[in-house]
Amino acid sequence: MQSELYVKKGQGNCSRISACAPAKGERPGVKSVKSPVKSPVPKLGSPLPSLQKLPQCTRCGNGIVGTIVKARDKLYHPECFMCDDCGLNLKQRGYFFIEEHLYCETHAKARVQPPEGYDVVAVYPNSKVELV
């Protein structure tokens with residue numbers, strides 16, 4: 001019983017093979033094929049296209065995973081959301097931005113110099129203010 005192999009015309013020296021010479025550069029019985037599909041595994045050192053970049057904490061510069069505190073379009077880890085002077089955590093407290101720095105009420109008042117004859121007063125969102 002003789003087995004027969006068939007190849008497309010143009011590959012090798014005949015269309016029906018029982019024993020014929022391979023095409024130039026090919027080894028007998030071995031056919032090289034290139035995959036038309038890219039490998040799902042990226043090369044080492046290349047960025048992963050499907051992963052999103054983590055948001056960065058304004059204070060420490062590390063990526064934030066989980067709870068994010070956002071104040072004035074700046075992002076913080078909950079533990080990094082603190083007064084620049086004393087380190088008091090400002091979560092669930094009033095906070096103040098002065099010249100792009102974050103302060104608790106005590107240190108914000110200490111940094112602001114009101115005009116003579118005026119006092120520094122903290123006004124919180126949704127509070128009722130009466131002008132006199």
Side-chain angles (χ1 to χ4, degrees):
M1 181 170 175
Q2 183 179 351
S3 63
E4 295 182 9
L5 300 173
Y6 295 89
V7 294
K8 291 181 183 176
K9 290 188 182 207
Q11 293 181 349
N13 295 334
C14 54
S15 60
R16 190 178 92 184
I17 305 172
S18 40
C20 69
K24 202 176 207 179
E26 290 185 3
R27 296 187 318 210
V30 176
K31 183 177 178 183
S32 63
V33 178
K34 286 190 177 184
S35 172
V37 180
K38 285 187 173 184
S39 171
V41 180
K43 294 179 181 177
L44 288 177
S46 65
L48 296 174
S50 62
L51 295 179
Q52 291 181 337
K53 187 177 177 183
L54 293 174
Q56 282 192 319
C57 177
T58 301
R59 181 170 303 277
C60 71
N62 293 326
I64 304 173
V65 177
T67 305
I68 296 175
V69 177
K70 184 176 180 181
R72 271 224 186 141
D73 294 328
K74 294 183 180 195
L75 306 176
Y76 299 89
H77 291 104
E79 60 273 11
C80 290
F81 188 61
M82 59 184 158
C83 175
D84 282 355
D85 277 351
C86 65
L88 177 71
N89 191 295
L90 300 173
K91 194 173 170 199
Q92 304 298 323
R93 299 176 188 263
Y95 61 90
F96 300 82
F97 275 100
I98 300 174
E99 297 175 5
E100 298 302 310
H101 291 277
L102 193 57
Y103 299 104
C104 64
E105 185 174 353
T106 303
H107 289 106
K109 283 181 178 180
R111 292 189 172 275
V112 174
Q113 298 298 320
E116 188 153 333
Y118 290 90
D119 291 327
V120 176
V121 177
V123 178
Y124 296 94
N126 300 326
S127 63
K128 303 233 182 206
V129 178
E130 223 177 280
L131 298 175
V132 189

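The first residue of the sequence shown is numbered 1, and numbering continues consecutively from there.
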Item to complete: Compare every heavy atom of P55 with every heavy atom of I68, then report the nearest pair and how far apart it is.
Response: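 In this case the closest contact between I68 and P55 is CD1-CG, 3.7 Å.
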Q. Does the side-chain contact (heavy atoms from CB on, under 4.5 Å) test come out yes or no for C104 and L90, once each step is laid out?
A. CA-CA 7 Å; C104 64; L90 300 173; 3.7 Å; yes
Hydrophobic cluster mates of L54, side-chain heavy atoms under 4.5 angstrom, ILVMFWY only, any path?
->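 L54 clusters with V65.
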**Prompt:** Tell me, which pairs form a ring pair (Phe, Tyr, Trp, His ring centres under 6.0 Å) where one or both residues lie in residues 55-74, sequence neighbours left out?
**Reply:**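 For residues 55-74: none.
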query: With sequence neighbours left out, what residues match K109 under side-chain hydrogen bond (donor to acceptor under 3.5 Å, both in side chains)?
result: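 side-chain hydrogen bond (donor to acceptor under 3.5 Å, both in side chains) list for K109, sorted by chain: E105.
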Review point. Can you list the residues that meet the side chain to side chain contact (heavy atoms under 4.5 Å, CB included) rule with P114, with sequence neighbours excluded?
Key: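 With sequence neighbours excluded, P114 shows a side chain to side chain contact (heavy atoms under 4.5 Å, CB included) to Y118, V120, given in chain and number order.
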Worked check of side-chain contact (heavy atoms from CB on, under 4.5 Å) between H107 and L88:
CA-CA 10 Å; H107 289 106; L88 177 71; over 6 Å; no
Side-chain donor-acceptor pairs under 3.5 Å in residues 72-84, sequence neighbours left out?
residue, atom, partner, partner atom, Å
K74, NZ, E100, OE1, 2.7
H77, NE2, G63, O, 3.1
D84, OD1, R59, NH1, 3.0
D84, OD1, R59, NH2, 2.7
D84, OD2, H101, ND1, 3.0
D84, OD2, L102, N, 3.3

Using side-chain contact (heavy atoms from CB on, under 4.5 Å), reason through N62 and Q56 one step at a time and then give a plain yes or no. CA-CA 5 Å; N62 293 326; Q56 282 192 319; over 6 Å; no
